[in-house]
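Beneath this line is the structure, given in structure tokens, with notes to follow.
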Amino acid sequence: MGKNLYITTAIPYVNAKPHIGNALDYLLADIWARYQKQNGHEVRFQVGTDEHGNKIAAKAQEAGIDPKTYTDQMYGNFQQLMTKVGAEFTDFVRTTDDHHVAAVQYIWQKLQPYIYKGTYEGWYCVGCEAFVTDKEAATNNGICPDHNQPYQRLSEDNYYLKTSEFTDRIRDAIESGKMKIEPEFRKKEFLELIKDGLQDVSISRPNKHLSWGVPVPGDPNQVMYVWIDALANYITVLGYPDRDGWQEYWPADVQVIGKDILRFHAGIWPAMLMGLDLPLPKKLLVHGFVNVGNVKMSKSIGNVVDPNELIDQYGLDAFRYFFARHIPTLDDGDFTWEKFETAYNTELGNDLGNVVSRVSSMISRYQAGVIGDAPQPEHDMKPYRQAMDSLNFNVALDEVWLTVRSLNQYLERVKPWEVAKRRDTDTDAEAHLSEILSQAVGSLLQIGDLLVPFLPHTAEIIHKTFESGVIVPQDGVLFPKIYLHTPDPRAKNIPKPE
RNA sequence: CGCGGGGUGGAGCAGUCUGGUCAGCUCGUGUGGCUCAUAACCACAAGGUCGUAGGUUCGAAUCCUACCCCCGCAACCA
């Protein structure tokens with residue numbers, strides 16, 4: 001035990017405010033990290049921001065400031081979100097960091113044997129300052145929909161990375177599981193995509209088209225394409241190549257990414273690593289997207305959900321709970337305020353919160369708060385562990401809730417409140433009652449353990465309340481009812497005041 | 001014939017690889033029970049020809065064939 005583990009998250013592009021998708025990255029990585037720490041591993045957990053590229057430069061220009069000033073202002077939004085979702089990251093990288101920039105230039109030089117100069121020709125929109133694919137140009141009938149002007153046929157000198165040369169090795173690594181891709185269907189999808197081989201990737205731009213980026217060493221006219229710069233962060237943040245210690249953490253155990261960037265992480269990134277003679281990450285965790293009411297979240301529709309708002313209204317653990325359990329870890333999920341609130345009130349409040357209060361209140365009432373020896377619960381933890389190890393966090397939480405339910409059922413079966421009433425007439429009742437309640441506490445403590453990766457605050461409260469042998473009362477109840485988006489069932493039954 | 005995923009009671013899903021013990025789970029609904037608890041908890045019930053049509057088989061949600069519908073992707077915007 002006590003292995004050094006490393007988990008990474010995709011570094012978001014800072015040209016907009018953070019959204020739920022970003023939050024999902026940090027949350028999933030954090031759950032994994034906490035789980036591994038709980039099991040005695042040392043975990044390094046990287047986060048960061050991607051700050052180069054034309055879009056950033058454009059945004060900065062709009063704001064009338066230089067790009068660095070702009071990113072200095074923006075990156076904080078992301079750091080704030082990471083902290084707010086409770087992510088206990090250990091490293092934060094900005095692609096504008098001096099060390100990162102220097103390291104990327106080193107990487108470029110080391111990749112020289114696989115880099116060649118070529119010409120990129122394609123349809124270019126002056127307004128976008130970007131090339132579009134032939135297909136996209138065709139779809140739009142040769143006119144950029146954003147700028148309403150025709151694309152121009154343009155060619156420019158680029159450096160290319162010979163990704164094609166690595167196709168077979170990359171395919172082998174994926175097929176053999178040396179670099180696992182979870183879930184399976186993403187792996188299939190990607191293998192299908194590279195069936196005909198990877199294409200060489202253009203990895204630089206003339207600086208007249210792209211000014212804000214890492215300069216190509218030895219060619220003042222070229223700037224690096226952002227993906228080369230961005231992907232490198234996973235190793236530069238560890239100190240690659242010049243600082244000690246990065247070897248202890250690379251290769252990464254898990255790299256958390258969204259489904260939209262799988263091709264970069266399963267194609268370009270392994271090619272870079274092979275070119276550098278470094279091992280590939282062991283596993284890519286590819287999560288899906290969060291829809292809102294089954295509609296893609298987008299600014300134009302105006303259905304963007306701000307994670308901050310959720311956390312402020314329902315609390316951090318409620319947020320973590322919903323996105324860990326009701327958004328499938330490895331697939332798309334759906335969010336609505338009604339679903340969120342229902343899950344909060346019924347599952348967190350009625351199931352978990354309520355069972356905590358019924359147990360603690362019985363112990364306070366019948367035994368003056370004294371718990372006695374809580375036996376080790378005999379609940380089978382294998383399904384939970386299996387789900388955690390295969391990164392199906394939602395399934396793991398299902399398992400936890402099964403034990404919550406069975407605790408409620410247990411109490412209903414043995415009826416401690418009736419046993420308590422018999423104490424005057426039945427001499428065994430006292431001991432029996434104590435046994436029941438300590439059994440219940442044992443079960444709750446176990447639930448608390450299982451919740452550590454998911455609901456750290458709740459887990460802590462459960463432990464604080466029950467672990468000392470005497471009930472330590474907490475302020476208020478866990479997950480008090482909130483009815484902002486769903487009807488309050490109590491409203492119709494409250495008798496009118498006279 | 002581009003590639004991938006999916007269509008299971010009102011909603012969301014599991015089960016399909018390895019045919020039978022599969023029609024299951026959660027939410028919602030109804031009835032009853034209970035009172036330790038956050039108007040909570042527990043039990044029971046209603047509700048599905050498992051997308052459609054064929055086929056294989058003693059037997060198919062599960063295998064085969066065809067078709068219909070939904071969603072994502074289609075490579076240098078991150």
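Quick note on labels: first sequence line is chain A, next is B, and so on, each numbered from 1.
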Phosphate OP1/OP2 of B:C76: any A:Tyr160 side-chain N/O under 4.0 Å: no
Whole-Å distance separating the CZ atom of A:Phe322 from the P atom of B:U26: 18 Å
5'-most by nearest nucleotide on RNA chain B - A:Asp332 or A:Asp50: A:Asp332
Sugar-phosphate only, base, or nothing, as touched by A:Asp200 at under 4.0 Å among non-hydrogen atoms: base
Non-neighbouring partners of A:Trp417 that pass ring pair (Phe, Tyr, Trp, His ring centres under 6.0 Å), sequence neighbours left out: none
Span that lies between the C1' atom of B:C42 and that of B:C68, in whole angstrom: 45 Å
Atom-pair distance (CG on A:Asp398; C1' on B:A14), nearest Å: 10 Å
Pairing of A:Asp389 and A:Arg385 as salt bridge, 4.0 angstrom limit: no
Nearest-neighbour nucleotide for the A:Phe479 side chain, B:C27, B:U38, B:A78 considered: B:U38
Pairs touching residues 400-419 of chain A that satisfy salt bridge (charged side-chain N to carboxylate O under 4.0 Å, His left out), sequence neighbours left out: A:Arg358-A:Glu412
Nucleotide-level pairing of RNA chain B, given in dot-bracket where Watson-Crick and G-U pairs need both distances under 3.5 Å and | marks other strands: .(((((((.[[[[.)....(...]]]].(((((.......))))).....[[[[[..)....]]]]])))))).....
Sugar-phosphate, base or nothing in reach of A:Gly353, heavy atoms under 4.0 Å: base
B:A46 and B:G30, which share atom name P, separated by this distance in whole Å: 16 Å
Listed partners of A:Thr163 passing side chain to side chain donor-acceptor pair (under 3.5 Å), at least two apart: none
Separation between the P atoms of B:U49 and B:G5, rounded to whole Å: 28 Å
Euclidean distance, atom NZ of residue A:Lys59 to atom P of B:A78 [Å, nearest integer]: 15 Å
Partner set under side chain to side chain contact (heavy atoms under 4.5 Å, CB included) for A:Asp219, not counting sequence neighbours: A:Lys117, A:Tyr159, A:Val216, A:Asn221, A:Gln222
d(CD1, A:Ile327; P, B:C13) in whole Å: 10 Å
Nearest-angstrom distance from the residue atom CZ of A:Phe190 to P of B:A74: 13 Å
All side chain to side chain donor-acceptor pair (under 3.5 Å) counterparts of A:Arg365, not counting sequence neighbours: none
Length of the line joining A:Leu198:CG and B:A75:P, which is rounded to integer Å: 14 Å
P gap between B:A61 and B:G51, integer Å: 10 Å
Out of B:G12, B:A74, B:A78, whichever nucleotide has its closest atom nearest the side chain of A:Tyr13: B:A78
C1'-based separation of B:A75 from B:G9 [nearest Å]: 43 Å
Separation between the P atoms of B:U8 and B:C13, rounded to whole Å: 9 Å
Distance in angstrom units between A:Ile170 CD1 and B:A75 P, rounded: 19 Å
Per A:Thr342 side chain, nearest of listed nucleotides B:C27, B:C41, B:C73: B:C27
What's touching nucleotides 3-7 of chain B from the protein side, N or O pairs under 3.5 Å?
unit_1, atom_1, unit_2, atom_2, d
B:G4, O2', A:Glu189, OE2, 3.4
B:G5, OP1, A:Lys188, NZ, 2.7

A:Phe322 ring center near A:Tyr344 ring center (under 6.0 Å): no
Contacts of type ring pair (Phe, Tyr, Trp, His ring centres under 6.0 Å), residue A:Phe393, not counting sequence neighbours: none
Side chain to side chain contact (heavy atoms under 4.5 Å, CB included) partners for A:Asn158, two or more places apart: A:Tyr120, A:Glu156, A:Tyr160, A:Ser202, A:Ser204, A:Arg205, A:Pro206
Minimum-distance nucleotide to A:Asn408 side chain [options: B:A40, B:C42, B:A78]: B:C42
A:Asp332 bridged to A:Lys259 by N-O distance under 4.0 Å: yes
A:Asn291 CG to B:C71 C1', straight-line distance once rounded to whole Å: 9 Å
Stepwise salt bridge (Lys or Arg N to Asp or Glu O under 4.0 Å) test for A:Glu347 and A:Arg325: CA-CA 11 Å; A:Glu347 294 162 9; A:Arg325 186 172 188 197; 3.5 Å; yes
Residues forming a ring pair (Phe, Tyr, Trp, His ring centres under 6.0 Å) with A:Phe319, sequence neighbours excluded: A:Phe323
Cation-aromatic face contact A:Arg94/A:Tyr75, 6.0 Å, 45 degrees: yes
Test ring pair (Phe, Tyr, Trp, His ring centres under 6.0 Å) applied to A:Trp269 - qualifying residues, sequence neighbours left out: A:Tyr234, A:Trp250
Touch class at under 4.0 angstrom, heavy-atom based, for A:Trp227 against every strand present: base
Whichever of A:Leu478 and A:Lys339 has its nearest RNA chain B nucleotide further upstream toward 5': A:Lys339
Below 4.0 Å: OP1/OP2 of B:A78 and any side-chain N or O of A:Asn54: no
Separation of the P atoms in B:C44 and B:C27, to the nearest angstrom: 14 Å
Spacing of the P atoms in B:C36 and B:G12 (rounded, Å): 40 Å
Touch class at under 4.0 angstrom, heavy-atom based, for A:Val201 against every strand present: base
Sugar-phosphate only, base, or nothing, as touched by A:Asn354 at under 4.0 Å among non-hydrogen atoms: base
A:Arg405 vs B:U26: side-chain N/O to OP1/OP2 distance below 4.0 Å: yes
B/S/- contact track for nucleotides 29-36 of chain B, protein heavy atom under 4.0 Å: ----BSSB
